[in-house]
Every structure is written in structure tokens, then in C-alpha cells.
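One-based numbering, in listed order, for ligands and for the atoms of each. Note that this is a predicted model, so its numbers are computed, not measured.
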Amino acid sequence: MTYKNLIVNSENYITTIIINRPKKLNALNQETIKELHEAFKAADKDKATKVIVVTGSGEKAFVAGADISEFADFTVEEGTHLAANGQNILFDFVDNLATPVIAAVNGFALGGGLELAMACHFRVASDNAKMGLPEVSLGVIPGYGGTQRLTQLVGKGRAMEMIMTAGMIDANKALGYGLVNHVVPQDELLELCNTIAAKIIKNSSVAISGAIRAVNANFKEGENGYQTEITEFGNCFGTEDFQEGTTAFLEKRKAAFPGR
Ligand code: COA
């Protein structure tokens, strides 16, 4: 499938989705959000994809936010729909994907850009990356899950300060906050993501999907994460991946997981 605002490459079980509006610093307009939904959905269904990496094109930005020009004249109803629809088709969708998603944060990740990076399962940043939620400087608040996910990732005090000041933090500060897992020079960013992906790919994709659901249960209202873990753990015993993983261990060979 071809997209207007995305470039998608698949190789070695890794699908890389590049958001490609460099002249607008890869700002997320509605068309790009819809395309991202389609690209993530297709990659998740594709048996030859075991890890998804999402990044921005160019050297300057991951994503500099939601496209401000699109919502400047919105009403209350339109604003509410914008946030609800975006959370539904992209941000919650990515967070709950069965396939692991890594954000390769290659520059500015602001507003909706940081919210997209935070919806991914974890983040790796280049040393020029700058992250922030500047929405209150525009008279609005983060609407794509930023108030919730930033708080989960960095704690309430740091999230409050970042949101209230609308400021940016650099990659090393983000590393110290636990917002990103690694910081590397920009020309090594995708290489590191691919190295991490290669480690993930060796493992059972069925078990990994169960682990994603169990970890995410910790953040779901009304869901008991320990119970979800018990259910997901139990389900593993009925899978071919479990048969193969345990048999391979006992036979002292590498597992060849059938996968999802
Ligand atoms: N929405 C729409 N357009 C955006 C955008 C956004 N979130 N972020 C950047 N752009 C556009 C700019 O309007 C500009 O377009 P133009 O060349 O047609 O005028 C282009 O991208 C380049 O951005 P520019 O501001 O000239 O680059 P810069 O290097 O001077 O500044 C930023 C970089 C990231 C600091 C600045 O673009 C910025 O503050 N962007 C908005 C960030 C934001 O508030 N995001 C949250 C939205 S809710």
C-alpha cells in the first residue's frame, strides 16, 4: 500500500513507518493520523512483521505536534471529537497493538508527537531530540493522551511542570526521567532500534503480545493487572510457541517459534 504522508519499509521482520511531511516538521494532520492507523493495522496483521519502528523523516523532527492549522477555528464539539477520534484510531490503538512498537525519536517530539512516542511501547532518542507538551501555550491542553501517559512515564510532579511550563526537555533529561530508554547520535538511531528489535524477534511473539496486554492492564481503569497476568500466563500453556520454547530448551537448541 502507498501513502501520501508515510513511507513504510519492511525488512527482517521489522516494519519501519516514517512520517513524511518534513516541510511541516511531520506535524500530524488528520490525513496522516488516518494513514498511520492503516499502516499500523496492516503491519500488525502482517505475519512477516514482528516489530514496528516509527520515526520522522528528515533530521529535525520526529513530529512537531498535531497540525495547528487544522483545528485553529474548531468549536467545543469539534475539539472533543478531534481528541476522542485521535485517541481511538491512533494513540490507544498503538498502545494496545499486539505487535511491539518502538518510537525512534529523531528530533522534535512535541504535543501530538510526544503523545505518539508515548503511545509506543518504548522510546529511543537521538541526542538532538527535544520533547515537550506545549499545548497550554496555545490555550489548549494535551488531547491525545498526553496528560495520562506523561504522568505514568515520568511521575506527576515532572508531568505537571512540563505541561504547565509548556517547555521542552532535551534527550538526556528525558533519559533521566525514564521517558526514553536510550540516547544515541542521530546516525545510530535506527541501527540501535533494529538491534533491539532483533533481540525481540528471537522471542515468542505470542508470549510478547500477552505480556503487552498484561503490562497495559496496570493502566486500565477497572482492570486488575495481576488477574490479567494470571489469565495471559495460563493462555500461554495452550500455545504452539510454549510447546516449542520449552521443548527447544530441554533439547538444548534454539527455539523456532511458529508465532502469531
Ligand atoms: N502544526 C502545523 N505546522 C507546523 C507545526 C504544527 N504543530 N509545527 C511546525 N509547523 C510548520 C511551521 O508552521 C512551518 O511551516 P511554514 O514553513 O509553512 O511556515 C514549518 O513547519 C517549519 O517550522 P518552523 O516553526 O519554521 O521551524 P523552527 O525550526 O523555527 O521551529 C518548532 C521549530 C518545533 C519550535 C516550531 O515549529 C513549533 O513551535 N511548532 C509547534 C509546536 C507545537 O506547539 N506543537 C503542539 C501542537 S498542539
Side-chain angles (χ1 to χ4, degrees), residues 3-7 17-37 54-95 103-120 123 125-154 158-174 177 179-180 183 186 189:
Y3 299 95
K4 190 172 160 200
N5 302 316
L6 306 178
I7 299 168
I17 300 174
I18 303 164
I19 301 164
N20 188 34
R21 295 182 78 212
K23 285 186 183 149
K24 296 290 174 190
L25 303 185
N26 305 320
L28 296 178
N29 58 0
Q30 287 307 299
E31 189 179 48
T32 306
I33 287 179
K34 281 190 203 127
E35 288 193 347
L36 280 167
H37 173 78
V54 60
T55 193
S57 76
E59 293 180 353
K60 203 169 163 184
F62 173 72
V63 168
D67 192 318
I68 299 166
S69 65
E70 276 191 347
F71 60 74
D73 60 354
F74 270 16
T75 63
V76 170
E77 288 72 25
E78 288 169 324
T80 306
H81 175 74
L82 183 76
N85 183 55
Q87 290 196 19
N88 182 34
I89 70 168
L90 183 57
F91 299 84
D92 289 352
F93 187 77
V94 168
D95 203 353
V105 181
N106 60 311
F108 288 114
L110 302 174
L114 181 56
E115 288 172 304
L116 177 61
M118 292 193 297
C120 297
R123 290 141 292 284
S126 57
D127 53 11
N128 66 320
K130 290 217 157 46
M131 284 155 260
L133 292 178
E135 284 86 346
V136 298
S137 71
L138 299 165
V140 69
I141 72 165
Y144 287 147
T147 60
Q148 305 305 295
R149 291 196 179 93
L150 186 64
T151 308
Q152 290 161 6
L153 286 164
V154 307
R158 287 167 172 167
M160 284 288 196
E161 184 177 340
M162 283 179 68
I163 292 166
M164 288 175 188
T165 60
M168 294 184 208
I169 60 169
D170 64 20
N172 281 320
K173 192 154 195 176
Y177 276 12
L179 185 53
V180 302
V183 175
Q186 190 167 49
L189 180 62

Under-4.0 Å protein heavy-atom contact, atom 25 (O) of ligand 1: no
4.0 Å protein heavy-atom contact status of atom 38 (C) of ligand 1, strictly under: no
Trace of the side-chain contact (heavy atoms from CB on, under 4.5 Å) decision for Asp170 with Lys173: CA-CA 5 Å; Asp170 64 20; Lys173 192 154 195 176; 3.4 Å; yes
Heavy-atom pair of closest approach, residues Phe91 and Ala119: O-CB, 3.4 Å
Point-to-point distance, once rounded to the nearest 0.5 Å, from CD of Gln30 to CZ of Phe71: 10.0 Å
Flag: protein heavy atom within less than 4.0 Å of atom 33 (C) of ligand 1: yes
Nearest-neighbour protein heavy atom for atom 5 (C) of ligand 1, which is reported as residue plus atom name and distance: Ala27 CB, 4.0 Å
Protein heavy-atom partner closest to atom 2 (C) of ligand 1 - residue, atom, separation in Å: Asp67 OD1, 3.3 Å
Where ligand 1 meets Leu110 - atom numbers and elements under 4.0 angstrom, heavy-atom basis: 34 (C), 42 (C)
For atom 13 (O) of ligand 1, closest protein heavy-atom neighbour: Lys24 NZ, 4.7 Å
Residue pair Phe108, Met168: steps toward the side-chain contact (heavy atoms from CB on, under 4.5 Å) verdict: CA-CA 9 Å; Phe108 288 114; Met168 294 184 208; 3.7 Å; yes
Closest to atom 1 (N) of ligand 1 among Ile68, Val140, Leu114 (heavy-atom distance): Ile68
Protein residue, atom and distance nearest to atom 8 (N) of ligand 1, heavy-atom basis: Ala64 CB, 3.6 Å
Shortest protein contact, atom 31 (O) of ligand 1 (heavy atom only): Leu25 CD1, 4.5 Å
Rounded distance (nearest 0.5 Å) linking atom OG1 of Thr165 with atom CG of Leu133: 9.5 Å
Flag: protein heavy atom within less than 4.0 Å of atom 20 (C) of ligand 1: yes
Ligand 1 atoms in contact with Glu135 (distance to a heavy atom under 4.0 Å): 48 (S)
Lys23 near ligand 1 by a heavy-atom separation under 4.0 Å: yes
Main-chain N/O of Ala27 paired with Arg21 side-chain donor or acceptor, under 3.5 Å: yes
Candidate with minimal heavy-atom separation from atom 46 (C) of ligand 1, of Gly113, Pro134, Gly132: Pro134
pair Ile169-Leu179: side-chain heavy atoms closer than 4.5 Å: yes
Ligand-side contact atoms (ligand 1) for residue partner Lys60, heavy atom cut-off under 4.0 Å: 27 (O), 28 (P), 29 (O)
Sub-4.0 Å heavy-atom approach of Glu70 to ligand 1: no
Protein contact to atom 35 (C) of ligand 1 [nearest heavy atom, distance to 0.1 Å]: Met168 CE, 4.0 Å
